[in-house]
Amino acid sequence: MFLDPWKPVKRALITHGHSDHAHAGHERYLCTDVAAPVIRHRLNLTDQVQTVAYGERLQINQVIFSFHPAGHIPGSAQVRVEHQGQVWVFTGDYKLEHDGLSTPFEPLRCHTLITESTFGLPVYQWQTQSDIFADINRWWRSNRSQGKTSVLAAYALGKAQRILVNVDHSLGPVWVHGAIDTVQRVLAAQGLRLPHTRLVTAQSTRTDWEGGLILCPPSALGSPWIKKFQPYSLAIASGWMSLRGTRRRRGADRGFALSDHADWCQLNEAVRASGASRVFVTHGYTEVFARWLQERGVEAYEARTQFDVEAET
Amino acid sequence: MKRFAQLFTELDQTTKTGEKVSALVRYFEEAHPDDQLWAVALLSHRRPKRTVSTALLAQWAAEQARIPIWLFEESYHVVGDLAETLALVLPSPTHSADQSLRDWIDFIRALEPLAIEEKKIRVQDAWMMLAGTERFLFNKLITGAFRVGVSQQLVVKALAHHFQLEPSYLAHRLMGHWSPDTTTLEQLVQTDDTHADRSKPYPFYLAYPLEQDPASLGDPADWQAERKWDGIRGQVIVRHRQLFVWSRGEELVTDKYPEYRVLIDLLPDGTVLDGEILPFKDEKPLGFQSLQQRIGRKNVTPKIRSEVPVVFMAYDVLEHEGVDWRARALWERRERLEKLCGIASSVLHLSPLVPFASWAVLAEERLRSRTFLSEGIMLKRKNSGYRDGRKRGDWWKWKIDPFTVDAVMVYAVRGHGRRANLYTDYTFAVWHQGQLLPFTKAYSGLTDDEIAEVDRWIKNHTVEKFGPVRSVKPELVFEIAFDGIQKSTRHKSGIALRFPRIHRWRKDKPAAEADVLETLNRLLEEK
Ligand SMILES: [Zn+2]
Ligand SMILES: [Zn+2]
C-alpha cells in the first residue's frame, strides 16, 4: 500500500490527479469518487481504479483507511490511516482557505502528520481570495479599456476552474485553451457545474474574444498559439508569483499569487490543529520547515521523497 | 507614496520603453511637486543616506514576524532581495498611512541621530502602516538600495515631454551636483541656453557586427580598418575653454576622468572628438574589467587613478572650429583628426589604422587582435559621413571568435533575485590526471527553458548539499566560451578566464569526452 507512489506498485492510494501525484504503471488505484474521472482520463485507466467517498472507511488487514477533503482541487484528499489506535494523516496537497470550488479542507486529529511544505517559508503569505480576485478583475477591466485581450495562465486542473468560478463574468466572455477544455469536459461529465466557457479553435478570430479573458495552461506561454491574441496582456496565476524575481523571470505582464497550496500561516495552523506529536515534512522546503517545527517543540523530520521538484501542482 | 508605488509598479511591469515613458509622463502630470523632485532624484541614482544597518533591519523584522534569524536568512536566500524579504515576512499592517514619498524620506533621514531602541520603535511602527509595494519601496529606501528598471535616458525623455524641453539639454541639467534639498524641480530644469548648448554632444554612430564574408564589402581600398578597443565609447567636447566628456548613453562623466583635463589645452576651441575611454598602462590597454572597477568607485582617488589610468583613443572628429563636420567624408575627417592628435600626449591617442591590401591580409590581422588586447577589427567606409544611431552599411565590427572549451558541470548554486528558485550558477571542471578539476564558474547563455531543464536535472542528480551549494553527478557537458585566459595563483587549476559564459549544452557529448586541462594550458602559452 503506497501513497502517491511514482515507482510502479501493486496498490496505489492517489490523493489527486496532478501529475506529480498520479503516476502511471501501478496495478491498482484507490482514490475518491470525485478525483477518479480525471485520474482515469489522464492515465488511461478503466477498471483498475477503485473509488471511495470522503469519510468512507476501508479496512484492509488490520488497517483502516479513509479519504478526507484537502481543499486543494475538486476531489483532492488527505489520507487517514489507523492501526491499533495509532492515527497517521497524510495531507497530500492542501490549502485551508475555501476556494468556492473544492470541498473545504477538513482538519483531522492524528498522532503522526505527514504534511507537504511547497510554500514552507514565512515569505509566502497569501492575500485573501477576494483581494486577489479583485486584482484580477481590475486587471481584466483595465485591459478591456485599452483594447487588449486578457490572457491568464493557470494549471489546467483545479486552478483554471477556481478562476472560472470566482472571476467577474459581467466583464466579458471567458475562452479556454484546449487542454483546459478537455479537463472541463471530464469534470462536467461527472456532474460538476462550471460557468460557461468557449473553446479557442483555429476558426475563432479576434472579434470573438474581444474584451474577453483567455485561460490557458502555463505550457502555452511562449508558444505561437498565444500570438493570435495580440494585443494582449499576459498574467500568470501561481503562488510563486508572490516573488518579484519569479514574476520577472517568467516574462509576464502581471503575476497573481493565487495558490492552491497552504501558505506559511496555513501550514502552521494545520500542524497545530492536527494535534500531532510527530510530523514528517515532504514536498518543498522540507529541511527548513522541519527545523522550524523542531524548535517549536514538535518532533519533526524531513521525509525523503524521490523527487525534489519545486513545482506547484 | 501611493502614487510613487504605482509608478514603480508600472515601470516594473513593462519592458517596453514607450510604456515606461508614458508612465513617467503621467506621474509628472499627477504627483505633488515635492514628490516629483524626489522621484527624479531617486531615478537619477540620488538616494537618501542609509541611517540603519541592514543587520538591524533583518533582526527587527524577524522579531516582529516571530521567526528566528536563521529562518529569515533562509528566506532571504530564496528571495534574493533584502527589501523584499523584509516586506514579505512581516505580518499584515495594522493601520494605514497617507504619507507622501517626501515624508517617508524625511522620516528615514530623521532616524540618523536617534538611539537604536528609538529607531527600532519607529521603523517597526512604519512597517505596520505600509503594505505591499509601499512597504517594499520603504525598505528599498531605508536599505539604500533603491533601483528601478528605467534608464536615465527615459527619465530625461519623459521630463522633456512634460516640460517641453530638449532632451539633451535636460540630460545635462540632471547630471552634476544637485540635491533635492536645495532646489525645486522648476529650478532644476530652468532654461540656461548658452550653457546647455556648450555641452551638447552628438548622437553616437554605432557599428553592426559583420556576419558575412568581408569580401562582400567590395574593394578593400574603399575601407579603413582600425582595432576594436575594449573600453567605453565617449565624446570629448572642448567649447568656450570648457571640457565635457560624455559616455554613450548620454551620461556626462567629465568628473570621472580628471586625466582628460589637459585636453582643454591640447585641443582648440570648438572641437568634438569621438573615441574610446580606454584603461591604459605601460603602453598597452588594461582590459575592460579594470575599467569597471574604476567606474564602480564613488570617488576617483589618486590610488585608483594610478592603478587604472585612462587615455582617450580618438576615432573621429565631429566638430572642428565650431563647425559640424559629420557630413564630410571619413578620409577628410581622418586627416583632420591626425593633425589634431599630432601633439605628443600621454592622454590623447590616435586610434592607429590597420593597413591591408586584401581581405585575406585583414583576416590575418584580425587573428592577431588578442596580441593588441583588442576585440577585433572595425571597418569604416572611407567616403561615408558620420551618421547617427545604428544605420547599417558604413561601419562594421568584425569581432574575434571567443575561445571555447567543453567542460563538465560539477556544482550548482541557486540564483538570486530574478532566479531565486532555480539552480542557475554552475561550476565546471575539465579532466586532469584522470580526475575532474573545477576551473571556472559560468552564467547565462542558456534559454529559460534550458535553465528549467538543467534545474530539474540538478535536483534529481544531487550528490551532496552544503548550504546553498549542491554537488551533482558529473554527467552534463557544456561548451564554455571565454574571451581571455590568465595564470592565477588563486585558483587550484592555475588559470582564470575572462568573461566565461555557457555557449551551448553539449547533449551529444559524454563527460568522458570533455576537454583536459592541458588544452587550456596550451592557450596560456600561445599568448
Ligand atoms: Zn496538486
Ligand atoms: Zn503536488
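Model, not experiment: these values are computed from the prediction. Values reported hereafter were calculated over all heavy atoms of this structure, with side chains retained and with hydrogens, waters and symmetry mates removed. So you know, we letter chains A, B, ... as the sequences are listed, proteins then strands, and number each from 1.
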Engineer: In terms of heavy-atom contacts, does NZ of A/Lys228 have more than 12 from other residues, nucleotides or ligands at under 6.0 Å?
Structural biologist: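 Yes.
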
Engineer: Mind running salt bridge (Lys or Arg N to Asp or Glu O under 4.0 Å) on B/Lys465 and A/Glu287 for me, showing each step along the way?
Structural biologist: CA-CA 12 Å; B/Lys465 291 187 195 175; A/Glu287 225 175 311; 3.7 Å; yes

Engineer: So which heavy atom on B/Trp70 is nearest to which on A/Val288, and how close?
Structural biologist: CH2-O, 3.5 Å

Engineer: Would you check if there is a donor-acceptor pair between the side chains of B/Glu74 and A/Trp292 at a distance under 3.5 Å?
Structural biologist: no

Engineer: Kindly determine whether A/Leu121 and B/Leu88 satisfy side chain to side chain contact (heavy atoms under 4.5 Å, CB included), including the steps that lead there.
Structural biologist: CA-CA 10 Å; A/Leu121 282 181; B/Leu88 292 174; over 6 Å; no

Engineer: Quick one: pull up CG in A/Asn268 and CZ in B/Arg66 and give me the separation to the nearest 0.5 Å.
Structural biologist: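 Result: 12.5 Å between the selected atoms.
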
Engineer: When you look at NE2 of B/His161, are more than 12 heavy atoms from neighbouring residues, nucleotides or ligands closer to it than 6.0 Å?
Structural biologist: no

Engineer: Give the minimum heavy-atom separation between A/Gly245 and B/Glu84, together with the two atoms involved.
Structural biologist: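 That would be N-OE1, 4.5 Å.
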
Engineer: For B/Glu10, is it the side chain, the backbone, both or neither that has a heavy atom under 4.5 Å from a heavy atom of chain A?
Structural biologist: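 Contact with chain A: none, neither part.
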
Engineer: From B/Leu71 CG over to A/Trp264 CH2, what is the distance, rounded to the nearest 0.5 angstrom?
Structural biologist: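 Separation between the atoms: 4.5 Å.
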
Engineer: Is it true that B/Asp12 and A/Arg244 make a salt bridge, defined as a side-chain N closer than 4.0 Å to a carboxylate O?
Structural biologist: yes

Engineer: With chain A as the partner chain, list the residues of residues 133-147 of chain B whose heavy atoms fall under 4.5 Å from it, by residue number, and write 'none' if nothing qualifies.
Structural biologist: B/Phe136

Engineer: Drop me the distance from B/Ile67's CD1 to A/Glu295's CD, to the nearest 0.5 angstrom.
Structural biologist: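 The distance works out to 11.0 Å.
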
